[in-house]
Amino acid sequence: MIAGWDGFAERRSGLLSGDDGDEDALVIRTLETLLATALAEEASDIHIEPGEIEARIRYRLDGILHETQRLSLDLHLRMVSRLKILARLDIAEKRVPQDGHFKQARAGGPPVDLRLSTLPTLHGEKAVLRILDSAAALRRDLEDLGYESEQMLALQEAIERPYGMILVTGPTGSGKTLSLYACLRRLNRQGANICTVEDPVEIHLEGANQVNVHERAGLNFATALRAFLRQDPDIMMVGEVRDAETADIAVKAAQTGHLVLSTLHTNDAPATLERLVRMGVAGYNLASSVLLITAQRLVRKLCLHCRQPIQHDAEIFRMAGLAEEWLAGANLVVGAQAYAATGCPKCRGTGYRGRTGIFQVMPITPPIRELILVGATTAEVGAQSVREGYLTLRQAGLLKVLRGVTSLHEVMAVTND
């Protein structure tokens, strides 16, 4: 159980015992308590997982799952049914996964969107609620996400171009959608026609034309993109380039006067080019359409109340891929103050509070464009980007270690270059 949540567990004990004869009211109150606590703790997901004897509740806080309490299997069954009713799912169907959504009111703020996913498991249906706070997401500007100043300049220059393609890469849950919407906020002007297609739409942007993918009805990314091109668009955002057809249409749109933003699942920025080539996009089309690729990861930020200064040996940074010469060129020294996580009540004993991004921003410069045209490898493209002074993911992360933002352990855990 998370440190500092003892009072919450005590308040819940009466509900979990089932003393209240009104079972429907018990389920409603239990669920409301779970949601209110998750919102107060700024959780991103709630996992409701059945076991052989009882069910457990876990919240994802700063990217890590924490168990908060246990429920009886009977209460778990009723709670999942209640969630399926709210999300307008079939409560009688328990053999296949289902997905839905609903809104949850909260005190002192706008409602939040909750995405429900159910999954039949050995001991019953597991339910996961993803909390999507559009209002909070739209308050995040590019400067708030963690870009270095040079990276910000390159990204701003790219999104101000009238046409071309900007790609954001990284694993699921790395903040790609948040980065795309921070860019769209900059571009959301009275004279711009912005069209987006996602699966599903996670953030509602006033003034943009947003479309949800509906595969069963025949509305996929490629279909939506074709429709966008008949809608006189200026800017198009594609939730993900998943297949050759979507990639081909997006590239051609970027070549014919449209600014296209999208995401892919690749490990770093240079690998994105190889992925698109394997999808069937010709190198000369990539060279003429892609403006910039950014890869990203999320790392936990050290708690400012309990972090402890430490002295990392220069050899550690050299082994991690950051040389002393590079540090000196970045106006930093190996002796810059780094910190370690300890733990206190304010950070629930974890040593971390909140998350920030680390980024690899790779503009497609003329030398890189030449490498694309001759079919250079991912390693060759990456090496050229480093020669031009652009940070790798690990270098960007280690800068944050030296500034006391995060720990070396966090950076090493999410990067491998």
Side-chain angles (χ1 to χ4, degrees), residues 154-170 176 179-180 183-184 187 192-199 211 213 220-296 360-388 390:
L155 182 57
Q156 286 178 328
E157 181 182 344
I159 65 176
E160 291 298 333
R161 299 280 289 274
Y163 57 88
M165 179 179 282
I166 297 169
L167 296 168
V168 180
T169 76
K176 299 187 297 296
S179 294
L180 285 178
C183 292
L184 289 179
L187 300 168
N193 178 16
I194 298 176
C195 299
T196 79
V197 56
E198 299 170 75
D199 184 20
V211 175
V213 164
N220 55 26
F221 286 115
T223 305
L225 276 176
R226 288 196 195 91
F228 287 170
L229 291 172
R230 297 190 291 271
Q231 293 278 316
D232 186 30
D234 298 297
I235 300 155
M236 295 188 289
M237 193 270 271
V238 187
E240 183 184 351
V241 175
R242 294 178 178 173
D243 52 59
E245 186 180 17
T246 303
D248 181 64
I249 299 170
V251 166
K252 288 179 180 176
Q255 292 174 321
T256 55
H258 308 93
L259 185 64
V260 180
L261 293 82
S262 188
T263 72
L264 279 93
H265 289 279
T266 58
N267 290 329
D268 58 16
T272 305
L273 297 167
E274 182 179 352
R275 173 76 183 279
L276 288 168
V277 169
R278 290 181 179 276
M279 282 186 179
V281 181
Y284 58 84
N285 281 331
L286 290 178
S288 63
S289 61
V290 180
L291 301 174
L292 177 141
I293 304 171
T294 174
Q296 65 184 73
Q360 177 188 27
V361 175
M362 187 181 80
I364 306 302
T365 60
I368 292 179
R369 191 169 290 115
E370 289 297 322
L371 289 174
I372 296 171
L373 289 171
V374 300
T377 66
T378 294
E380 290 170 333
V381 172
Q384 177 60 35
S385 178
V386 170
R387 281 194 294 271
E388 294 181 23
Y390 296 105

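Throughout, numbering of the chain's residues begins at 1 and tracks the sequence.
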Evaluate side-chain contact (heavy atoms from CB on, under 4.5 Å) for Ile159 paired with Ile166, printing each intermediate quantity in order. CA-CA 8 Å; Ile159 65 176; Ile166 297 169; 3.4 Å; yes
Is a side-chain donor-acceptor pair under 3.5 Å present for Thr378 with Glu274? yes
Heavy-atom nearest pair, Thr266 first then Ala271, reads CG2-O, 4.2 Å
Compare every heavy atom of Leu261 with every heavy atom of Cys183, then report the nearest pair and how far apart it is. CB-CD2, 3.8 Å
Pairwise salt bridge (charged side-chain N to carboxylate O under 4.0 Å, His left out) hits with a residue in residues 251-267, at least two apart: Asp248-Lys252
With a 4.5 Å heavy-atom cut-off, do Ile368 and Glu388 have their side chains touching? yes
Heavy atoms, side chains only, cut-off 4.5 Å: are Phe228 and Val197 in contact? yes
So do Val211 and Phe221 actually touch side chain to side chain, heavy atoms under 4.5 Å? no
Can you check side-chain contact (heavy atoms from CB on, under 4.5 Å) on Leu167 and Val260, steps first, answer last? CA-CA 8 Å; Leu167 296 168; Val260 180; over 6 Å; no
Closest heavy-atom pair and its distance - Ser262, Val241: OG-CG2, 3.2 Å
How long is the gap from CD on Gln231 to CZ on Arg226, to the nearest 0.5 Å? 15.0 Å
Considering only heavy atoms from C-beta outward, does the side chain of Ile194 approach that of Leu184 to under 4.5 Å? yes
Glu157, CD atom: more than 12 neighbouring heavy atoms under 6.0 Å: no
Taking only residues two or more places apart in sequence or in another chain, which ones pass salt bridge (Lys or Arg N to Asp or Glu O under 4.0 Å) with Glu198? none
Side chain His258, main chain Ala253, donor-acceptor under 3.5 Å: yes
Do the side chains of Gln296 and Val168 get nearer than 4.5 Å, heavy atoms only? yes
Does Ala192 offer a backbone N or O that forms a donor-acceptor pair with the side chain of Asp234 under 3.5 Å? no
If I compare all heavy atoms of Gly283 with all of Ile372, which pair ends up nearest, and what's the gap? O-CG2, 3.4 Å
Measure across Leu273 and Leu286 and return the closest heavy-atom pair with its distance rounded to 0.1 Å. O-CD1, 3.8 Å
Main-chain N/O of Leu264 paired with Thr169 side-chain donor or acceptor, under 3.5 Å: no
Rounded to the nearest 0.5 Å, what separates atom CD1 in Ile249 from atom OG1 in Thr223? 7.5 Å
So, taking the atom named CZ in Arg275 and the one named CD1 in Ile293, what distance separates them when rounded to the nearest 0.5 Å? 12.5 Å
Shortest non-hydrogen contact between Ala287 and Arg369, atoms and distance: O-NE, 2.8 Å
Between OG1 on residue Thr263 and CD on residue Glu240, distance to nearest 0.5 Å: 5.0 Å
Is there side-chain contact between Val238 and Leu225, with at least one heavy-atom pair below 4.5 Å? yes
Side chain of Ser289, backbone of Asn285: donor and acceptor closer than 3.5 Å? yes
Please examine the side chains of Leu292 and Met362, heavy atoms only from C-beta on, and report whether any two atoms are closer than 4.5 Å. no
For Ser288 and Gln255, test the side chains for any donor-to-acceptor distance below 3.5 angstrom and give the result as yes or no. yes
Can you list the steps and then say if Thr365 with Tyr390 is a side-chain contact (heavy atoms from CB on, under 4.5 Å)? CA-CA 11 Å; Thr365 60; Tyr390 296 105; 4.3 Å; yes
Test side-chain contact (heavy atoms from CB on, under 4.5 Å) applied to Arg242 and Met279, step by step: CA-CA 9 Å; Arg242 294 178 178 173; Met279 282 186 179; 5.9 Å; no
Taking C-beta and beyond as the side chain, do Val251 and Leu276 meet within less than 4.5 Å on heavy atoms? no
CG on Leu373 to CG on Leu371, rounded to 0.5 Å: 9.0 Å
Could you state the interatomic distance from CG (Asn193) to CE (Met236), rounded to the nearest 0.5 Å? 10.0 Å
Is there a donor-acceptor pair under 3.5 Å between the side chain of Ser385 and the backbone N or O of Val381? no
